[in-house]
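The structure under discussion appears below in the form of structure tokens.
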Amino acid sequence: MLSVSEAEAIILNLVQPLDKERDIEVVDLLTASHRILASPITSQLDFPHWDNSAMDGYAVRYEDVQDASESQPVSLQIVEEIPAGYQPKYTIQQGQAARILTGSVMPPGADTVVMQEATRREENRVLILATPKPQEFVRHRASYYQAGTELLSKGIILNAPDISVLAAAQCTKLPVFRKPVVAILSTGNELVTPDKALQPGQIVDSNQYALAELVRESGAEPLMLGIIKDEPDALEEAIAHAITNADIVLSSGGVSVGDYDYVEQVIESLGGEIHIRAVAMRPGKPLTVATFRLSHGRVYFGLPGNPASALVTFWRFVQPAIKKLSGLAKGWKPKFVKARSRNEIRTDGKRETYLWGETFLNSEGFYEFQLATGGHSSANLINLAQTNSLAVLPVGQTLIPAGGEVEILKQ
């Protein structure tokens with residue numbers, strides 16, 4: 001049985017990012033939010049596009065006003081007013097100034113802006129009442145970004161500020177990685193869909209819905225294949241279809257050692273190579289990970305059937321795999337933080353243990369973890385509601401006292 005860290009290393013080594021040539025599509029700027037850039041972006045525009053004023057005031061030559069003070073103001077002739085969007089028509093000569101507003105183009109000859117609070121206007125002249133710093137309140141062309149250099153890097157998730165930058169740079173068509181497709185199937189003769197009336201011994205298939213939502217949150221497209229009976233022929237047909245039409249396949253159930261657990265048998269009959277069969281973690285011990293060479297390295301995850309186990313193993317192993325596959329340059333590994341536990345936490349210490357709850361920042365700016373109430377059974381789906389993190393207890397640790405430090409896996 002593999003340790004969690006060994007399993008993680010195997011999985012992330014098996015998963016390779018989407019192809020930078022074959023798996024690219026071009027999208028419009030308005031539909032690019034949360035997509036992953038497949039190529040670096042450059043712009044032909046400088047930012048700022050031209051020298052402009054950062055303040056309402058007067059554009060002047062520094063040498064004319066370098067000795068100005070309230071007791072000895074410098075008087076300058078106002079030759080022009082420059083509102084936003086106006087192209088200056090005059091070159092500022094000795095003894096001259098231009099009235100200028102924030103964002104307006106600096107006139108030729110001027111190199112400094114004096115804020116209006118340090119001036120007094122008298123008809124067509126302005127008195128400068130304080131000495132400014134050289135080039136004060138001037139935003140110089142290309143000081144933020146130089147045309148032709150990299151504006152945004154490959155492998156980032158585009159967010160609202162990025163979209164704003166791209167719009168300002170007039171980049172309206174963007175190369176992004178296609179969204180990975182993740183096939184999802186549930187195995188079990190006892191399973192029914194949520195719209196069916198339950199008969200004795202039947203269970204609603206909640207895993208299909210939870211996993212589909214987690215796949216979407218991870219930036220991929222779920223391909224929901226429904227419930228597959230615990231029959232080798234039916235499983236083989238479903239898994240063959242899945243590995244042909246998806247980048248990653250998720251099944252839940254059928255990976256333990258029961259009489260009707262056929263998943264590993266079917267994987268091998270389809271030419272799959274099984275890399276992981278079990279992991280020393282609780283919940284989530286029965287985990288099957290396989291690849292299919294004839295299907296371009298598709299990765300198969302056979303997750304446990306119990307709801308909590310399926311979700312925990314997804315957060316710990318599948319989510320990072322999807323993010324790496326999607327072309328994300330960084331940030332696809334699990335994120336751990338230290339928190340103070342509000343509860344006493346006990347385990348037997350035999351396996352790495354994951355317990356769900358809520359993590360939040362307290363008034364002092366430190367993370368605190370609140371363990372979910374109720375039993376942490378792998379079959380208990382109910383107390384997973386509204387949780388956002390997992391407390392991680394390593395092998396050998398049996399107790400974290402209330403107020404003690406605990407490592408947290410943030411979802």
Side-chain angles (χ1 to χ4, degrees), residues 8 11-47 49 144-184 209-225 241-250 291-292 295-301 314-335 410-411:
E8 177 189 58
I11 290 167
L12 293 180
N13 186 57
L14 292 173
V15 175
Q16 297 304 314
L18 293 172
D19 188 88
K20 62 181 180 181
E21 302 294 339
R22 187 177 63 246
D23 295 315
I24 291 179
E25 59 189 29
V26 176
V27 298
D28 184 84
L29 181 61
L30 288 174
T31 61
S33 180
H34 298 105
R35 298 302 298 271
I36 299 175
L37 268 184
S39 301
I41 298 296
T42 62
S43 173
Q44 298 309 305
L45 297 175
D46 290 322
F47 284 85
H49 307 321
Y144 302 161
Y145 169 79
Q146 186 174 7
T149 60
E150 186 174 292
L151 181 65
L152 293 177
S153 302
K154 170 188 172 182
I156 64 169
I157 299 176
L158 295 171
N159 58 24
D162 301 325
I163 298 298
S164 176
V165 167
L166 290 164
Q170 297 184 318
C171 300
T172 59
K173 300 292 182 182
L174 303 168
V176 298
F177 286 110
R178 68 172 177 83
K179 291 186 177 183
V181 177
V182 179
I184 305 170
Y209 294 85
L211 293 173
E213 182 56 30
L214 289 171
V215 165
R216 291 189 191 95
E217 291 176 1
S218 302
E221 293 285 352
L223 174 61
M224 300 174 71
L225 300 183
H241 175 76
I243 62 177
T244 302
N245 292 279
D247 301 289
I248 287 177
V249 180
L250 303 181
T291 53
F292 296 84
S295 299
H296 306 290
R298 302 287 199 270
V299 181
Y300 186 102
F301 291 88
F314 183 97
W315 284 316
R316 187 61 184 86
F317 299 119
V318 182
Q319 188 174 66
I322 293 174
K323 290 184 176 181
K324 181 180 179 181
L325 172 69
S326 68
L328 194 63
K330 58 183 180 179
W332 38 265
K333 290 190 175 182
K335 296 179 180 178
K410 297 190 72 179
Q411 297 168 10

Rounded to the nearest 0.5 Å, what's the gap from [atom1] on [X] to [atom2] on [Y]? Could you check?
X: Ile36; Y: Lys323; atom1: CD1; atom2: NZ; answer: 9.5 Å
X: Trp315; Y: Lys410; atom1: CH2; atom2: NZ; answer: 14.0 Å
X: Leu328; Y: Leu18; atom1: CG; atom2: CG; answer: 11.0 Å
X: Arg216; Y: Leu214; atom1: CZ; atom2: CG; answer: 10.0 Å
X: Ile248; Y: Tyr300; atom1: CD1; atom2: OH; answer: 13.0 Å
X: Leu37; Y: Leu152; atom1: CG; atom2: CG; answer: 6.0 Å

- Item | side chain to side chain donor-acceptor pair (under 3.5 Å) partners of Lys154, counting only residues at least two apart |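 So Lys154 forms no side chain to side chain donor-acceptor pair (under 3.5 Å) with any residue.
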- Query: Residues in side chain to side chain donor-acceptor pair (under 3.5 Å) with Glu221, at least two apart?
  - Reply: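 Checked Glu221 against side chain to side chain donor-acceptor pair (under 3.5 Å); zero matches.
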- Item | Closest non-hydrogen atom pair, Ile11 against Phe301 |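 Residues Ile11 and Phe301, closest heavy atoms: CG2-CZ, 3.7 Å.
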- Task: Determine the minimum heavy-atom distance between Ile322 and Phe314, stating which atoms define it.
- Result: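 Closest approach of Ile322 to Phe314: CD1-CZ, 3.9 Å.
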- Message: Check whether Arg298 reaches the backbone of Ile243 with its side chain - one donor and one acceptor, N or O, closer than 3.5 Å.
- Response: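 Checking the backbone N and O of Ile243 against the side chain of Arg298, a donor-acceptor pair under 3.5 Å is found.
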- Message: Please check: side-chain N/O of Ser218 versus main-chain N/O of Ala220, any donor-acceptor pairing under 3.5 Å?
- Response: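 Side chain of Ser218 to backbone of Ala220: no pair is present.
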- Task: Applying side-chain contact (heavy atoms from CB on, under 4.5 Å), name anything that partners Pro320, two or more places apart in sequence or on another chain.
- Result: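 Testing Pro320 for side-chain contact (heavy atoms from CB on, under 4.5 Å), a comparison that skips the adjacent residues, returns Leu12, Pro334.
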- Query: Does the side chain of Thr244 come within less than 4.5 Å of Phe292's, by heavy atoms?
  - Reply: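 No; the side chains remain at least 4.5 Å from each other.
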Ignoring hydrogens and angles, write down the donor-acceptor pairs under 3.5 Å from the side chains of residues 164-184, residues two or more places apart or on other chains.
unit_1: Arg178; atom_1: NE; unit_2: Asp23; atom_2: OD1; d: 3.0
unit_1: Arg178; atom_1: NH1; unit_2: Asp247; atom_2: OD2; d: 3.0
unit_1: Arg178; atom_1: NH2; unit_2: Asp247; atom_2: OD1; d: 2.8

- Query: Quick one: salt bridge (charged side-chain N to carboxylate O under 4.0 Å, His left out) pairs with a partner in residues 35-46, sequence neighbours left out?
  - Reply: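 Pairs touching residues 35-46 that pass the test: Glu25-Arg35, Asp46-Arg141.
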- Is there any ring pair (Phe, Tyr, Trp, His ring centres under 6.0 Å) pair reaching into residues 28-47, and which pairs are they, with sequence neighbours excluded?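 Qualifying pairs, neighbours excluded: Phe47-His49.
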- Does CD belonging to Gln146 count more than 12 external heavy atoms closer than 6.0 Å?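 Check fails, neighbour count at 12 or below.
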